[in-house]
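For reference, the structure is listed below as structure tokens.
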Amino acid sequence: DANTLRFSGTPTAAGTYTITLTATDNGSPELSASTSFDLVVGKATLTVTGDRLSRFYGQPNPPLTGTLSGVVNGDNITASYSTTATPASDCGVYTVFVPLNDQDNRLGNYNVTKVTGALYVQRAPQTIAFGTIPPHVYGDAPFTVPVTASSGLPVTLTSSAAPVATVSGNTLTIVGAVTTALTAYQQ
């Protein structure tokens, strides 16, 4: 229809825009009419959530991950994830931060919700291992018991029969002629 004009477009930023329409004709007498209205473009919802992850003490952090949802119009917004935990950090819960990267300065067009993640640093599994202990008899000199822990921490030994063997650190002294059992532990 020659009397109808249509226009269209995609808003590129949130905000309020005043649109004025003016119509004129070339008739005699010349007529014109004008009207204005506001177009309100609301902000889109953007949510970034860090994942809940875990690792053992002494290990490197796993890849820190999460989800980013709500990016529209091809905006170049991405999320990165970070934490203060290092392989030497104590056992506990560490925050996974969720900063947003916005090279084109488009975040002003979004209502942003950030949900931090968590990195759980757990106690490392460990083993205590005895090396080979050759047979000994009453009267032998004190000897070092070969014992190690995968954690690298000191190991404490106890004898099940103090009248047979005494222990100081990792040194065992035979004081009687019977059998004893050694127990290794860490505190």
Side-chain angles (χ1 to χ4, degrees), residues 1-129 148-155 185-187:
D1 173 344
N3 296 322
T4 302
L5 179 62
R6 293 177 192 220
F7 58 95
S8 64
T10 301
T12 58
T16 301
Y17 301 91
T18 300
I19 297 176
T20 302
L21 296 176
T22 302
T24 58
D25 71 3
N26 294 335
S28 179
E30 190 173 296
L31 299 174
S32 69
S34 182
T35 187
S36 296
F37 63 92
D38 287 339
L39 173 65
V40 178
V41 177
K43 292 183 176 189
T45 299
L46 182 72
T47 303
V48 58
T49 304
D51 287 338
R52 306 232 180 275
L53 306 162
S54 65
R55 68 163 173 84
F56 292 114
Y57 172 83
Q59 291 183 338
N61 290 336
L64 302 176
T65 57
T67 57
L68 174 63
S69 62
V71 177
V72 296
N73 293 338
D75 288 343
N76 188 17
I77 298 172
T78 59
S80 56
Y81 305 93
S82 64
T83 185
T84 59
T86 68
S89 295
D90 289 334
C91 293
V93 181
Y94 294 83
T95 300
V96 173
F97 299 98
V98 292
L100 292 170
N101 308 306
D102 178 23
Q103 294 90 5
D104 300 326
N105 296 317
R106 307 302 288 161
L107 278 177
N109 295 317
Y110 293 89
N111 289 317
V112 178
T113 301
K114 291 183 177 183
V115 181
T116 58
L119 174 62
Y120 296 87
V121 177
Q122 302 169 356
R123 291 175 62 168
Q126 65 178 352
T127 58
I128 296 175
T148 58
S150 62
S151 66
L153 298 172
V155 176
Y185 64 94
Q186 291 182 311
Q187 294 184 354

Heavy-atom closest contact ([X] atom, [Y] atom, distance):
{"X": "Ser150", "Y": "Pro125", "answer": "OG-O, 4.0 Å"}
{"X": "Tyr81", "Y": "Val48", "answer": "OH-CG2, 4.0 Å"}
{"X": "Thr83", "Y": "Phe97", "answer": "CA-CD1, 4.3 Å"}
{"X": "Ser54", "Y": "Gln122", "answer": "CB-NE2, 3.7 Å"}
{"X": "Ile128", "Y": "Tyr185", "answer": "CD1-CA, 3.9 Å"}
{"X": "Ala79", "Y": "Asn101", "answer": "C-ND2, 3.9 Å"}

Can you name the residues that form a side-chain contact (heavy atoms from CB on, under 4.5 Å) with [X], not counting sequence neighbours?
{"X": "Ala14", "value": "Lys43, Asn109"}
{"X": "Thr35", "value": "Leu21"}
{"X": "Thr113", "value": "Thr47, Val115"}
{"X": "Ser36", "value": "Thr18, Thr20"}

key: Side-chain donor-acceptor pair present, Thr45, Asn111, cut-off under 3.5 Å   =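 Judged by distance alone, the side chains do not pair up.
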query = Is it the case that Ser32 and Thr24 place a side-chain donor and acceptor less than 3.5 Å from each other?
reply = no
With salt bridge (charged side-chain N to carboxylate O under 4.0 Å, His left out) as the rule and sequence neighbours excluded, what pairs involving [range] come up?
{"range": "residues 76-87", "value": "none"}
{"range": "residues 59-70", "value": "none"}
{"range": "residues 72-84", "value": "Asp75-Arg106"}
{"range": "residues 15-24", "value": "none"}

ask   = Under the side chain to side chain contact (heavy atoms under 4.5 Å, CB included) criterion, do Ile19 and Asp38 qualify, and how do the steps go?
value = CA-CA 6 Å; Ile19 297 176; Asp38 287 339; over 6 Å; no
N/O donor to acceptor pairs below 3.5 angstrom from side-chain atoms of residues 56-63, sequence neighbours left out:
from	atom 1	to	atom 2	distance (Å)
Gln59	OE1	Phe56	N	3.4
Asn61	OD1	Arg55	NE	2.6
Asn61	OD1	Arg55	NH2	3.3
Asn61	ND2	Ala85	O	2.7

ask   = Sequence neighbours excluded, which residues qualify as side chain to side chain donor-acceptor pair (under 3.5 Å) partners of Asp102?
value =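 By the side chain to side chain donor-acceptor pair (under 3.5 Å) rule, Asp102 matches no residue at all.
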Show me the donor-acceptor pairs, under 3.5 Å and distance only, between side chains in residues 66-73 and residues at least two apart or in other chains.
none

Validation: residues 89-96 side-chain donor-acceptor distances under 3.5 Å, sequence neighbours left out:
from	atom 1	to	atom 2	distance (Å)
Ser89	OG	Thr86	N	2.7
Ser89	OG	Thr86	O	3.2
Ser89	OG	Thr86	OG1	3.3
Tyr94	OH	Asp90	N	3.3
Tyr94	OH	Asp90	O	2.8

Between [atom1] on residue [X] and [atom2] on residue [Y], distance to nearest 0.5 Å:
{"X": "Leu100", "Y": "Leu46", "atom1": "CG", "atom2": "CG", "answer": "6.0 Å"}
{"X": "Thr78", "Y": "Asn76", "atom1": "OG1", "atom2": "CG", "answer": "6.5 Å"}
{"X": "Leu119", "Y": "Leu53", "atom1": "CG", "atom2": "CG", "answer": "6.0 Å"}

